[in-house]
Amino acid sequence: MFTLENLFLLLTGLLAAFLCWYFWKRYNLHKALHNIYYLMGFAVLLVSGLLLIFLGLEILSSPWVLTVASLIPLGISMGLAEEYFPKWKKYFKWFAAVGFLAIAITSFTAESNAVMATLKKIAVPLFHGVAGLVIFLGPFFAKKAPKGFFWVGIGGLLIGLGGIALAFISMDKQLLFFSPEFVMTILTPLLFLMTGAFALGFTKKG
């Protein structure tokens with residue numbers, strides 16, 4: 001049965017596919033590494049949206065999904081660091097790599113190991129929070145960014161809120177008023193609005 005949730009996911013997938021094409025085209029023109037990072041983030045978003053359509057929102061509890069979905073903020077934030085903040089991009093790449101490995105390892109071992117479960121409670125919100133802040137604040141501080149690039153920051157705010165809320169739910173916690181029921185209700189329109197904001201901001205590059 002095709003639901004309203006699936007409609008939002010389909011629209012999100014179409015926007016993500018457009019952004020994948022956009023950044024692939026830009027990479028072929030300039031061979032700039034940041035376009036590959038952006039492409040990675042939106043390719044994962046596209047695949048994640050298709051999986052949610054065919055398998056349902058229940059897959060969000062899977063450690064595979066939590067780990068792979070981390071590549072979305074990872075790719076976008078690393079792209080911003082590579083393109084606009086070259087002085088600290090090397091340090092951020094190390095942070096991103098360590099954070100991704102921490103999420104991957106703890107996600108698959110948390111159920112059988114109390115120490116890993118505790119580390120997961122630290123790694124997931126920390127990584128998503130920092131990556132979300134980079135995406136949110138980066139566009140406002142980026143020098144020589146095109147007019148309208150602030151929309152990327154709006155998308156960063158949305159991805160940060162959604163990512164942290166999902167992270168707390170995966171640990172049976174609640175962030176402010178983000179109860180599991182509330183998050184599941186707003187998740188698909190949030191993904192659509194987030195991707196739309198990214199599309200508006202990134203395509204201002206011309």
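As the structure is a prediction and not an experimental result, all values here were calculated from the model.
L101 and I122 are assigned to two separate hydrophobic clusters, defined by single-linkage of ILVMFWY side chains at heavy-atom distances under 4.5 Å. Hydrophobic clustering, with ILVMFWY side chains joined whenever heavy atoms are under 4.5 angstrom apart, groups W88 together with F141. By the criterion of side-chain heavy atoms lying less than 4.5 angstrom apart, applied directly or through intervening Ile, Leu, Val, Met, Phe, Trp or Tyr residues, L52 is not grouped with W64; the two fall into different hydrophobic clusters. Residues L33 and F100 are members of one and the same hydrophobic cluster, defined by side-chain heavy-atom contacts under 4.5 angstrom among Ile, Leu, Val, Met, Phe, Trp and Tyr. No continuous path of hydrophobic side-chain contacts links V98 to L126 [ILVMFWY only; heavy atoms under 4.5 Å].
Taking the ring centroids of Y38 and F198, they lie at or beyond the 6.0 Å cut-off. Under the 6.0 Å cut-off for aromatic ring centres, W94 and Y91 do not qualify, their centroids lying 6.0 Å or more apart.
Of all the heavy atoms in S48 and I72, the pair that sits closest is OG-CD1, 4.3 Å. Closest approach of A131 to P73, counting heavy atoms only: CB-CB, 3.9 Å. Closest approach of A102 and A123 over heavy atoms only: CB-CB, 3.9 Å. Heavy-atom minimum distance, F127 versus I103: CD2-CD1, 3.3 Å. For A199 against L19, the heavy-atom pair with the smallest separation is CA-CD2, 3.9 Å. Minimum interatomic distance between T12 and L191 (heavy atoms only, all atoms of both residues): OG1-C, 3.6 Å.
With F202 as reference, F23 is the one residue of W21, W151, Y22, F23 to meet the ring pair (Phe, Tyr, Trp, His ring centres under 6.0 Å) rule.
The CG atom of L190 sits 9.0 Å away from the OG1 atom of T195 when rounded to the nearest 0.5 Å. Summarising the geometry, atom NZ belonging to K31 is positioned 13.5 Å from atom CZ belonging to R26; distances are rounded to the nearest 0.5 Å. Atom CD1 of I36 sits about 10.0 Å away from atom CE of M40, to the nearest 0.5 Å. From M116, atom CE reaches atom OG1 of T109 across 4.5 Å, with rounding to the nearest 0.5 Å. For the atom pair L14 CG and L9 CG, the distance stands at 11.0 Å (nearest 0.5 Å). In this structure, CG in L45 is found 8.0 Å from SG in C20, a value given to the nearest 0.5 Å.
Under a cut-off of 6.0 angstrom, the local environment of NZ in K87 is sparse, with at most 12 non-hydrogen atoms contributed by other residues, nucleotides or ligands. Summarising the local packing, CZ of F140 is surrounded by more than 12 heavy atoms from other residues, nucleotides or ligands at distances under 6.0 Å.
Residues F85 and V134 have side chains not in contact (no heavy-atom distance under 4.5 Å, counting atoms from C-beta outward). By the 4.5 Å heavy-atom criterion applied to side chains, Y27 and L39 are not counted as neighbours. Here the side chains of Y84 and F149 are in contact, with some heavy-atom distance below 4.5 Å. Two residues are said to be in side-chain contact when any heavy atoms from C-beta on lie closer than 4.5 Å; F42 and I76 meet this criterion. Counting only heavy atoms from C-beta outward, the side chains of Y37 and K93 approach each other to under 4.5 Å.
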request  = Check the pair E5, I53 against side-chain contact (heavy atoms from CB on, under 4.5 Å), reporting the backbone distance first and the verdict last.
outcome  = CA-CA 8 Å; E5 289 178 346; I53 290 175; over 6 Å; no
request  = Check the pair T67, F108 against side-chain contact (heavy atoms from CB on, under 4.5 Å), reporting the backbone distance first and the verdict last.
outcome  = CA-CA 9 Å; T67 300; F108 284 96; 3.7 Å; yes
request  = List the steps, then state whether side-chain contact (heavy atoms from CB on, under 4.5 Å) holds for F18 with T203.
outcome  = CA-CA 10 Å; F18 164 74; T203 54; 3.6 Å; yes
task = Could you give me the CA-CA distance, side-chain angles and deciding distance for I135 and L80, then say whether side-chain contact (heavy atoms from CB on, under 4.5 Å) is met?
result = CA-CA 7 Å; I135 303 171; L80 287 171; 4.2 Å; yes
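Remark: side-chain polar atoms of S107 are not paired, donor with acceptor, to backbone N or O of A104 under 3.5 angstrom.
Under a 4.0 Å N-O distance rule, the pair E83/K89 does not qualify as a salt bridge.
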